[in-house]
Amino acid sequence: MNDTNELQRQILEVVALIPFGKVATYGQIAKLAGLPKHARLVGTVLKNLDEGSHLPWHRVINSQGKVSTINLDENGENQQLKLLKNEGILLENHKIKLKDYQWIF
C-alpha cells in the first residue's frame with residue numbers, strides 16, 4: 001500500500017467514528033488521524049469519496065461551523081445541510097454552533 005492510500009485510510013477511519021448528531025472540523029479529523037496541519041488533505045479525501053460511500057462525510061465541517069456549498073442534489077439543495085438536519089443538527093446564522101454539536105473524542 002502506498003503512502004497516499006495509507007493517509008486516506010487514516011482519515012477515513014476517523015471520519016467513520018463521528019457519532020450521529022455530531023460534527024467534526026477538518027482540522028480535528030486531521031489531528032485525530034495523526035496528520036496535524038493537514039486539514040486540506042481531509043477535504044480532498046472526502047471530496048473524492050465514491051458517490052455510494054456510507055461514510056458520514058457530511059459530519060465534517062470547517063472550523064467556523066460552515067458546511068460545504070458545492071455538494072448540491074438534483075433539486076439544487078445542499079446535500080450536506082439536508083443530511084445534517086436529518087440528524088437534528090441545526091444552523092444558526094448560517095453556521096453550526098460547534099459548542100453544541102462538535103464531537104469531543
Side-chain angles (χ1 to χ4, degrees):
M1 184 182 290
N2 68 31
D3 288 344
T4 303
N5 287 342
E6 179 62 21
L7 296 178
Q8 288 175 339
R9 185 191 61 74
Q10 288 170 237
I11 290 167
L12 297 176
E13 282 182 356
V14 174
V15 171
L17 296 174
I18 306 169
F20 183 92
K22 294 291 181 184
V23 296
T25 65
Y26 293 101
Q28 180 182 1
I29 297 299
K31 187 175 178 184
L32 289 170
L35 304 164
K37 298 185 170 63
H38 286 82
R40 286 180 188 249
L41 178 60
V42 173
T44 300
V45 168
L46 293 179
K47 186 172 81 174
N48 292 312
L49 277 179
D50 292 335
E51 197 172 312
S53 174
H54 293 292
L55 225 67
W57 61 269
H58 62 282
R59 296 178 187 148
V60 183
I61 61 174
N62 75 21
S63 61
Q64 288 87 46
K66 294 182 179 176
V67 300
S68 172
T69 57
I70 60 170
N71 200 340
L72 304 178
D73 66 12
E74 63 279 356
N75 299 321
E77 289 186 67
N78 185 308
Q79 280 289 94
Q80 187 173 20
L81 275 179
K82 198 158 74 171
L83 291 166
L84 290 171
K85 284 179 184 176
N86 288 343
E87 294 188 18
I89 297 172
L90 305 174
L91 269 69
E92 190 173 295
N93 297 324
H94 306 289
K95 294 181 181 180
I96 293 168
K97 286 177 73 174
L98 291 173
K99 73 175 195 164
D100 292 341
Y101 297 107
Q102 188 168 19
W103 173 44
I104 306 300
F105 184 80

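Positions are given from 1 along the sequence.
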Enquirer: Might you work through the side-chain contact (heavy atoms from CB on, under 4.5 Å) test for Ile96 and Leu90, ending with a clear yes or no?
Expert: CA-CA 6 Å; Ile96 293 168; Leu90 305 174; over 6 Å; no

Enquirer: In the structure I gave you, are the side-chain heavy atoms of Leu81 and Leu91 within less than 4.5 Å of one another anywhere?
Expert: yes

Enquirer: Measuring from atom NE2 of His58 to atom OG of Ser68, what distance do you get when rounded to the nearest 0.5 angstrom?
Expert: 13.0 Å

Enquirer: Between Thr44 and Arg40 (side chain of the first, backbone of the second, donor and acceptor by atom type, cut-off under 3.5 Å), is there such a pair?
Expert: yes

Enquirer: Taking C-beta and beyond as the side chain, do Trp103 and Thr25 meet within less than 4.5 Å on heavy atoms?
Expert: no

Enquirer: Nearest 0.5 Å, please: how far is CG in Leu46 from CZ in Arg59?
Expert: 12.5 Å

Enquirer: Which distance, rounded to the nearest 0.5 Å, do you find between the CZ of Arg9 and the CG of Leu12?
Expert: 9.5 Å

Enquirer: Can you see which heavy atom on Pro56 is nearest to which on Ala16, and at what distance?
Expert: CD-CA, 4.1 Å

Enquirer: Would you say that Glu13 contacts Gln10 through its side chain, given a criterion of any heavy-atom pair below 4.5 Å between the two side chains?
Expert: no

Enquirer: Within a 6.0 Å radius of atom CG on Asn75, are there more than 12 heavy atoms belonging to other residues, nucleotides or ligands?
Expert: yes

Enquirer: Does Glu87 come within less than 4.0 Å of Lys22, counting only side-chain N to carboxylate O?
Expert: no

Enquirer: Should Ile61 and Leu98 count as side-chain neighbours, where that means a heavy-atom distance under 4.5 Å?
Expert: yes

Enquirer: In Å and rounded to the nearest 0.5 Å, what is the CG to CG distance from Leu32 to Leu17?
Expert: 8.5 Å

Enquirer: Grab the two heavy atoms, one from Ala39 and one from Ala30, that are nearest each other, plus how far apart they are.
Expert: N-CB, 3.8 Å

Enquirer: What do you reckon, is NZ of Lys82 surrounded by more than 12 foreign heavy atoms closer than 6.0 Å?
Expert: yes

Enquirer: If you count heavy atoms of other groups shown closer than 6.0 angstrom to NZ of Lys31, is the number above 12?
Expert: no

Enquirer: Is there a path of hydrophobic side-chain contacts, each under 4.5 Å between heavy atoms of I, L, V, M, F, W or Y residues, that connects Ile18 with Tyr101?
Expert: no

Enquirer: Please examine the side chains of His38 and Tyr26, heavy atoms only from C-beta on, and report whether any two atoms are closer than 4.5 Å.
Expert: no

Enquirer: I want to check something: taking the side chain as every heavy atom from C-beta on, are Ile89 and Val23 in contact at a cut-off of under 4.5 Å?
Expert: yes

Enquirer: Evaluate the side-chain proximity of Trp57 to Gln80: yes if any heavy-atom separation is below 4.5 Å, no if none is.
Expert: yes

Enquirer: Between Val67 and Leu84, is any pair of side-chain heavy atoms under 4.5 Å apart?
Expert: yes

Enquirer: Measuring from atom CD of Gln64 to atom NE2 of His94, what distance do you get when rounded to the nearest 0.5 angstrom?
Expert: 15.0 Å

Enquirer: Which is it for Leu35 and Ile29 under the side-chain contact (heavy atoms from CB on, under 4.5 Å) test, yes or no, and what are the steps along the way?
Expert: CA-CA 8 Å; Leu35 304 164; Ile29 297 299; over 6 Å; no

